[in-house]
Amino acid sequence: MKTAAHIEVLEHEGVLLAAAAESAGTEAAVPTCPDWRVRDLLRHTGMVHRWATAFVAEGHTGPRPAEDLTDLDGAPLLTWFREGHGRLVDTLAGAAPDVRCWSFLPAPSPLAFWARRQAHETAVHRLDAESARGGEPTGIATEFAVDGIDELLCAFHARPKSAVRTEEPRTLRVRATDAPDAVWTVRLSAQPPVTVRDDTEDADCELSGPAAQLYPALWNRRPFPEVTGDASLAALWRERSRVTWA
């Protein structure tokens with residue numbers, strides 16, 4: 001996906017997140033994040049939006065801490081969230097393509113990184129807000145879901161921080177059944193996972209289904225659509241796939 005497309009998704013997802021949070025109320029529990037209320041979700045995501053904005057807008061070339069979480073609640077918290085989301089969208093849309101700033105995953109450019117990362121950050125937390133509101137979640141485009149799966153498997157879990165490891169080498173396959181060539185082979189061992197985009201080797205377990213269902217499942221927001229082979233690897237993913245936002 002191109003940077004402009006990621007920014008469009010980011011804008012749309014943030015609007016949906018705020019609407020779902022407003023409908024649910026800030027006191028509502030978030031079923032997909034059992035320790036959170038909607039206020040926690042808005043405070044966290046709004047903080048991340050402001051943190052990301054600062055790198056692009058101010059050109060920070062090294063990591064920097066995020067601001068403390070706000071203690072706003074209710075309508076003022078929703079206003080604060082919408083303001084920060086709008087500022088992030090405007091900053092990314094107005095940034096020079098060659099802007100130089102810090103990023104923490106591989107990408108064609110820092111701007112491409114921040115647009116992609118914040119689109120997926122916001123989309124996943126939009127699902128959280130909609131789980132608090134109840135009812136059917138808003139759909140996810142197949143292309144965007146495939147892009148998010150790729151970011152999670154090939155970028156996030158390639159980092160030394162990944163805890164998805166096995167004592168003996170095992171192989172996990174992830175296959176989106178509705179997108180051509182959307183298949184990943186994840187080699188598990190005592191080291192960080194190594195993921196390739198192919199299915200040329202046997203797998204001990206395969207997670208498969210439409211991309212829009214696999215994407216939230218891999219982020220531990222819903223059950224896996226289909227598991228074949230050794231289900232203990234699916235359980236391992238559920239237990240150990242915890243991603244930090246930096």
Side-chain angles (χ1 to χ4, degrees), residues 1-3 5-6 9 32 48 102-125 127 140-246:
M1 291 180 63
K2 295 186 180 299
T3 297
H6 280 127
V9 173
T32 49
V48 173
W102 179 76
S103 57
F104 61 87
L105 295 176
S109 69
L111 181 60
F113 162 79
W114 284 110
R116 183 194 203 194
R117 177 80 293 277
Q118 290 308 300
H120 289 294
E121 175 83 10
T122 307
V124 170
H125 287 315
L127 291 169
I140 299 170
T142 298
E143 181 184 13
F144 181 69
V146 169
D147 182 71
I149 295 168
D150 199 71
E151 184 201 43
L152 181 61
L153 298 181
C154 298
F156 267 117
H157 279 291
R159 302 189 300 171
K161 292 183 178 183
S162 177
V164 183
R165 307 189 185 202
T166 54
E167 293 184 6
E168 300 295 331
R170 307 297 302 281
T171 303
L172 176 67
R173 179 105 68 235
V174 176
R175 186 187 305 274
T177 54
D178 58 344
D181 303 320
V183 58
W184 298 260
T185 297
V186 186
R187 300 176 185 132
L188 303 174
S189 69
Q191 301 301 315
V194 175
T195 300
V196 294
R197 285 286 295 265
D198 66 33
D199 59 354
T200 58
E201 61 189 90
D202 292 337
D204 298 297
C205 175
E206 179 166 306
L207 311 175
S208 61
Q213 295 179 27
L214 275 177
Y215 172 61
L218 288 163
W219 277 99
N220 288 336
R221 261 51 182 199
R222 63 177 298 164
F224 291 117
E226 184 173 354
V227 178
T228 55
D230 185 356
S232 71
L233 291 183
L236 176 77
W237 186 273
R238 281 274 181 250
E239 178 185 348
R240 300 190 184 177
S241 179
R242 298 288 182 268
V243 170
T244 57
W245 46 272

Open item on the list: With rounding to the nearest 0.5 angstrom, report the CG to CE distance, D147 to M1.
Closed with: 5.5 Å
Task: Value rounded to 0.5 Å, distance of CZ in F104 from CZ in F156 - done: 4.5 Å
- [ ] Flag yes if more than 12 heavy atoms outside D198 fall under 6.0 Å of its CG atom; otherwise flag no.
- [x] yes
TODO: Specify the closest pair of heavy atoms between T3 and A115, including all atoms of both residues, with the distance to one decimal.
DONE: CG2-CB, 3.7 Å
- [ ] State whether F224 and R238 meet the cation-pi test: NZ (Lys) or CZ (Arg) under 6.0 Å from the six-membered ring centroid, and within 45° of the perpendicular axis.
- [x] yes
Open item on the list: If you define the side chain from C-beta out and look only at heavy atoms, does anything of R117 sit under 4.5 Å from H6?
Closed with: no
Open item on the list: Rounded at 0.5 Å granularity, tell me how far CZ in R165 sits from NE2 in H157.
Closed with: 11.0 Å
Task: Gap separating the CZ atom of R170 from the CG atom of D230, nearest 0.5 angstrom - done: 4.5 Å
- [ ] Would you give the length of the straight line joining atom CH2 of W237 to atom SG of C205, rounded to the nearest 0.5 angstrom?
- [x] 11.5 Å
Task: Backbone of L218 reached by a side-chain donor or acceptor of R222 within 3.5 Å - done: no
Task: Minimum heavy-atom distance D178-A211, with the two atoms named - done: OD1-N, 2.9 Å
TODO: Calculate, to the nearest 0.5 Å, the distance between atoms OG1 and CG belonging to T171 and L188 respectively.
DONE: 7.0 Å
TODO: State, to 0.1 Å, how close S208 and P225 come at their nearest heavy-atom pair, and which atoms those are.
DONE: O-CB, 3.3 Å
Open item on the list: Any heavy-atom pair between the side chains of L207 and L233 that's under 4.5 Å?
Closed with: no
Open item on the list: Classify the ring geometry of F144 against H120: parallel below 30°, tilted from 30° to 60°, perpendicular beyond 60°.
Closed with: parallel
- [ ] Please tell me if the side chains of V243 and W219 come closer than 4.5 Å, counting only heavy atoms from C-beta onward.
- [x] yes
Open item on the list: So, using salt bridge (Lys or Arg N to Asp or Glu O under 4.0 Å) as the criterion, who are the partners of R173 when residues are at least two apart?
Closed with: E206
- [ ] Could you pull out the closest heavy-atom pair between T177 and P210, with the gap in Å?
- [x] OG1-N, 3.4 Å
- [ ] Flag the pair V196 / R187 as yes when at least one side-chain heavy-atom distance between them is below 4.5 Å, and no otherwise.
- [x] yes
- [ ] Heavy atoms only: give me the nearest C154-A158 pair and the separation to one decimal.
- [x] O-CB, 3.5 Å
Task: Residue pair L105, R116: steps toward the side chain to side chain contact (heavy atoms under 4.5 Å, CB included) verdict - done: CA-CA 10 Å; L105 295 176; R116 183 194 203 194; over 6 Å; no
TODO: Please say whether more than 12 non-hydrogen atoms of neighbouring residues, nucleotides or ligands are located less than 6.0 Å from CD in E201.
DONE: yes
Task: Verdict with supporting geometry, I140 and L127, side chain to side chain contact (heavy atoms under 4.5 Å, CB included) - done: CA-CA 10 Å; I140 299 170; L127 291 169; 4.1 Å; yes
TODO: Please name the pair of heavy atoms, one in A107 and one in F113, separated by the smallest distance, quoted to 0.1 Å.
DONE: CB-CB, 3.5 Å
Task: Heavy-atom donor-acceptor pair, W184 side chain to L172 backbone, under 3.5 Å - done: no
- [ ] Answer whether the closest heavy-atom distance between the side chains of Y215 and L152 falls below 4.5 Å.
- [x] no
